[in-house]
Amino acid sequence: MIDVVELVTRRKEEVKDLDRPLVVVTYAQSIDGCIGADDNAQPLLLSGRESFSLTHMLRNNCAAILVGAGTAANDNPRLAVNADFVALHLHNQEHNQEQQTSQNNIQTNEHNRPNLIIRHPRPVVLDPSLRISLAARLVQLRNSPIVFCAFDPVLSPDLVAKQQALELEHVSVVNMHSFTPDFSLNNKPNPQNPTSSSAINIPAMLFVLKSRFNVDSLMVEGGASIISSFLSLGTRFVDQIIITIAPLLVGNGIRAYSSQIPTSSNFPSTDTSLIFTPHVHLVDPVYHQYGRDIVVSARVYRSTIESARAAAKKSSEFIDFSSIAEQDQPRSDELLIVPDFVPVDVHDALVAAMTHKLSRLMGATYMERHFDGVITGYKEASVSAWGFQASVPDDAISLAQVRDALKARIPDDTAMAMVIRWIEASTEAVISQQQQLLSNSSNSSNSNQKISWLPPHILELRAPTFQTPSGIGPHVDHLGAFGAKIAGVCLGSDAVMRFAQKDDPSRSFSALLPNRCLYFQCGSVRFNYTHEIPVDPAQHVFKNVFIERGRRISVLIRDSHPTQ
Ligand SMILES: NC(=O)C1=CN([C@@H]2O[C@H](COP(=O)(O)OP(=O)(O)OC[C@H]3O[C@@H](n4cnc5c(N)ncnc54)[C@H](O)[C@@H]3O)[C@@H](O)[C@H]2O)C=CC1
Ligand SMILES: Nc1nc(O)c(N)c(N[C@@H]2O[C@H](COP(=O)(O)O)[C@@H](O)[C@H]2O)n1
């Protein structure tokens with residue numbers, strides 16, 4: 001049996017430092033995957049008593065419970081805890097522990113559950129245009145409901161009046177229309193369609209729930225649009241999923257999860273829910289039988305970086321040109337991506353060393369904005385500022401030497417100089433080898449000649465959260481300061497890099513930079529395209545796969561300008 005209390009407590013602890021609540025998606029479906037009848041005539045009763053008891057135990061242990069406007073209108077739910085169901089759950093659990101088989105004759109009156117504390121969660125409704133009725137049960141029960149909407153008060157005075165009426169009924173109404181989160185660069189009003197700017201951005205909504213309403217755990221019940229919106233955000237915003245599967249075939253019904261997120265005038269097109277991958281993998285699933293139902297509890301995993309990596313056998317497979325016409329694409333040897341360039345043990349030692357060095361040089365706090373506004377949430381240093389000369393002899397430094405130098409996890413400056421020389425020498429070797437593979441020797445840039453590298457630049461981006469975003473805006477590296485070649489070693493996290501033509505940013509494409517890779521830019525990718533590590537999480541997408549980005553350190557090496 002799933003111990004919901006333990007599950008929620010454990011997972012709450014895991015996310016306690018995030019700026020959002022724990023998110024548990026919980027719903028009941030038929031064996032053929034339906035959560036409702038397609039006529040939406042009335043709610044479909046799927047769960048049996050035992051699995052309902054689990055749902056109510058979960059409600060009792062979460063600070064808030066969320067449904068969409070569709071469910072609020074169709075089901076008129078209470079979203080409260082039924083004490084009898086909680087008692088039944090506790091009884092069954094005890095029963096199981098004692099390995100007794102009979103589940104009959106359960107008395108669920110107040111007398112045999114003296115320790116039962118019932119805490120109703122706060123109902124939360126995502127309702128962009130305030131469709132909810134004042135007479136709705138969840139309003140009238142007065143368990144401090146919160147309704148998130150998104151409308152322009154100037155354009156919709158009728159909705160302002162509805163908001164006031166709801167507030168008189170003790171509903172907290174939060175209009176997300178005016179909430180313009182810093183990171184959501186895509187979330188700009190669209191002059192063609194003013195209502196499209198009124199998106200309820202789910203990460204922003206979660207942030208408000210935690211910061212303003214102190215909600216540390218949220219149960220998401222449905223319906224279909226809500227479930228699809230949350231699941232499309234993947235591991236960043238869903239911690240656990242608990243699905244009750246009832247022995248029923250519905251036929252034409254409403255599917256819990258749709259690979260096409262529904263759109264309607266009410267459904268915002270700019271929501272980050274457009275971060276979308278069709279397949280949601282459930283990780284570490286646990287199956288239990290509750291009466292006649294099966295309950296699956298699992299973590300959600302949607303970022304398929306491993307399969308993206310496995311599928312990408314050569315550099316070009318880490319580049320997605322699907323959004324740019326062939327004639328506008330750069331040449332295949334102008335952007336190279338070499339996965340697994342840095343061995344795992346070297347990577348770990350380097351991350352420790354760089355983290356240590358950057359903290360000593362810049363302190364514990366990240367810079368919010370670079371002087372030119374390009375970088376957000378970062379620490380940086382040039383290796384020339386580290387107080388050592390990279391005076392390591394030119395002859396190739398082997399990986400074994402580097403490993404020896406890095407044995408102490410925080411290596412000294414001589415060891416770091418060796419590492420930098422190894423990165424430079426290996427980069428030269430890789431560039432030469434890859435370009436020979438990729439190009440006819442006639443059109444390949446001359447890569448065999450010795451490159452005069454400038455001191456490396458180390459850049460750390462913090463792990464982005466809603467409140468503390470990070471990224472590098474679109475830019476072309478300084479044309480007067482650097483030469484024609486840029487190479488970067490990526491440590492700490494996978495990332496998506498986006499490229500856009502300088503003169504026409506609509507001509508753009510993206511690349512996946514897997515952790516421990518080397519990437520190399522030259523030719524038009526160096527001079528004619530801007531590149532960025534997007535701040536906006538909606539753009540952390542490669543070939544339709546959402547790529548989670550954590551704390552990331554890059555070691556950038558650039559050759560010197562020909563005039564220097
Ligand atoms: N079996 C179960 O466990 C459950 C079944 N249901 C069923 O689901 C059905 C309702 O599903 P739907 O029609 O899809 O309604 P829904 O409850 O998902 O609400 C859809 C509405 O919510 C709002 N919405 C959804 N995502 C949003 C977003 N990202 N930002 C802003 N607003 C958003 C929009 O106004 C949209 O029209 C009903 O039949 C209900 O009985 C609902 C909950 C649980
Ligand atoms: N767990 C579960 N099993 C079913 O069979 C269901 N139909 C639902 N529906 C959800 O429960 C809400 C109604 O419950 P209350 O009125 O609050 O008791 C309904 O709106 C769905 O969210 N759930």
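Keep in mind that this is a model prediction, so the values were computed, not measured. For this chain, numbers begin at 1 and follow the sequence in order. Indexing begins at 1, ligand by ligand and atom by atom, following the structure's order.
Looking at ligand 1, you'll find an N or O of Ile35 within less than 3.5 Å of one of its N or O atoms. Considering both main-chain and side-chain atoms, Thr26 never comes within under 3.5 Å of ligand 1 through any nitrogen or oxygen pair. Taking distance alone, with nitrogen or oxygen atoms compared against 3.5 Å, Leu45 stays at or beyond that limit from ligand 2. Considering backbone and side-chain atoms together, Leu79 places an N or O closer than 3.5 Å to an N or O of ligand 2. Ligand 1 has a nitrogen or oxygen under 3.5 angstrom from a nitrogen or oxygen of Ala28. Remark: ligand 1 and Ala224 share an N or O pair separated by less than 3.5 Å (distance only, no angle test). Between Asn76 and ligand 2, not a single N/O pair is under 3.5 Å apart. Ligand 2 has an N or O atom lying under 3.5 Å from an N or O atom of Arg78, backbone or side chain. Residue Leu44 places at least one N or O, backbone or side chain, under 3.5 Å from an N or O of ligand 2.
Close approach of ligand 1 to Arg131 (heavy-atom distance below 4.0 Å) involves ligand atoms 21 (C), 35 (O), 37 (O). Less than 4.0 angstrom separates some heavy atom of Leu46 from each of these atoms of ligand 1: 1 (N). Counting the atoms of ligand 1 from 1 in the order shown, those under 4.0 Å from a heavy atom of Pro128 are 23 (C), 31 (C), 32 (N), 34 (C), 35 (O). Atoms of ligand 2 found under 4.0 Å from any heavy atom of Thr55 (numbered from 1 in listed order, with element): 1 (N). Near Ser229, meaning under 4.0 Å from one of its heavy atoms, ligand 1 places the atoms 26 (N), 29 (N). Applying the 4.0 Å criterion to heavy atoms of Glu221 picks out, from ligand 1, the atoms 43 (C), 44 (C). Atom numbering of ligand 1 starts at 1 in the shown order; those under 4.0 Å from a heavy atom of Tyr27 are 3 (O). Those atoms of ligand 1 with a heavy atom of Leu126 less than 4.0 angstrom away are 22 (O), 23 (C). Within ligand 1, counting atoms from 1 as listed, the ones closer than 4.0 Å to a heavy atom of Ala69 are 19 (O), 21 (C), 22 (O), 35 (O).
The side chain of Glu221, and not its backbone, has at least one atom closer than 4.0 Å to an atom of ligand 2 (non-hydrogen atoms only; side chain from C-beta on). Heavy atoms of Asp127 found under 4.0 angstrom from ligand 1: none, in either backbone or side chain. Here Pro43 has no heavy atoms under 4.0 Å from ligand 2, in either its backbone or its side chain. Here Tyr27 has no heavy atoms under 4.0 Å from ligand 2, in either its backbone or its side chain. In Thr71, the part holding a heavy atom less than 4.0 Å from any atom of ligand 2 is the side chain. At a 4.0 Å heavy-atom cut-off, ligand 1 touches Ile202 through the side chain alone. At a heavy-atom distance under 4.0 Å, no atom of Gln42 approaches ligand 2.
The closest protein non-hydrogen atom to atom 23 (N) of ligand 2 is Phe52 CE2, 4.0 Å. Among protein heavy atoms, atom 19 (C) of ligand 2 sits closest to Asp75 OD2, 3.2 Å. What sits closest to atom 1 (N) of ligand 2 on the protein, heavy atoms only, is Ser47 OG, 3.2 Å. What sits closest to atom 5 (O) of ligand 2 on the protein, heavy atoms only, is Leu46 N, 2.6 Å. Among protein heavy atoms, atom 14 (O) of ligand 2 sits closest to Arg59 NH2, 3.3 Å. Looking at atom 13 (C) of ligand 2, its nearest protein heavy atom turns out to be Pro77 CB, 3.7 Å.
Heavy-atom neighbours of Asn252 CG from other residues, nucleotides or ligands within 6.0 Å: at or below the threshold of 12.
Side-chain contact between Arg49 and Leu88 is present, with heavy atoms from C-beta onward closer than 4.5 Å. Looking at Ile324 and Ser508, their side chains never come closer than 4.5 Å, going by heavy atoms from C-beta outward. Leu159 has its side chain out of reach of Cys149: every pair of non-hydrogen atoms, C-beta onward, lies at least 4.5 Å apart. Between Phe52 and Thr244, the closest side-chain pair of non-hydrogen atoms is not below 4.5 Å.
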Query raised in the report: Between Phe213 and Val174, is a side-chain contact (heavy atoms from CB on, under 4.5 Å) present by the stated rule, with each step listed?
Result: CA-CA 11 Å; Phe213 295 102; Val174 183; 3.8 Å; yes

Query raised in the report: Where do Ser129 and Phe151 land on the side-chain contact (heavy atoms from CB on, under 4.5 Å) test, with the steps shown first?
Result: CA-CA 6 Å; Ser129 49; Phe151 64 86; 5.9 Å; no

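Taking the six-membered ring for Trp and thresholds of 30 and 60 degrees, His89 and Tyr290 have nearly parallel ring planes, at less than 30 degrees apart.
Between the side chains of Tyr27 and Glu221, no donor N or O sits under 3.5 Å from an acceptor N or O. No side-chain donor-acceptor contact under 3.5 Å links Asp158 and Ser156.
The line from OH of Tyr257 to CD1 of Ile243 is 11.5 Å long, rounded to the nearest 0.5 Å. Within the model, atoms CG of Asp32 and CD1 of Ile245 stand 11.0 Å from one another, a figure rounded to the nearest 0.5 Å. Here the CD1 atom belonging to Ile146 is positioned 10.0 Å from the CE atom belonging to Met205, to the nearest 0.5 angstrom. Between Arg119 atom CZ and Cys62 atom SG the span is 11.0 Å, to the nearest 0.5 Å. Atom-to-atom distance recorded for Arg551:CZ and Tyr366:OH is 5.0 Å, nearest 0.5 angstrom. The CZ atom of Arg462 sits 4.5 Å away from atom OG1 of Thr468, with the distance rounded to the nearest 0.5 Å.
Summarising the contacts of atom 24 (N) of ligand 1 with Val125, Thr244, Ile226, the nearest heavy atom is found in Ile226.
Of all the heavy atoms in Pro534 and Arg549, the pair that sits closest is O-NH2, 3.1 Å.
When distances from atom 17 (O) of ligand 2 to the protein are checked, a heavy atom turns up under 4.0 Å.
Salt-bridge check for Arg10 with Asp3: failed, with every basic side-chain N at 4.0 Å or more from each acidic carboxylate O.
Look at Ile254 and you'll find a heavy atom under 4.0 Å from some atom of ligand 1.
Partner of Asp239 under the salt bridge (charged side-chain N to carboxylate O under 4.0 Å, His left out) criterion, out of Lys16, Arg299, Arg20: Arg20 alone.
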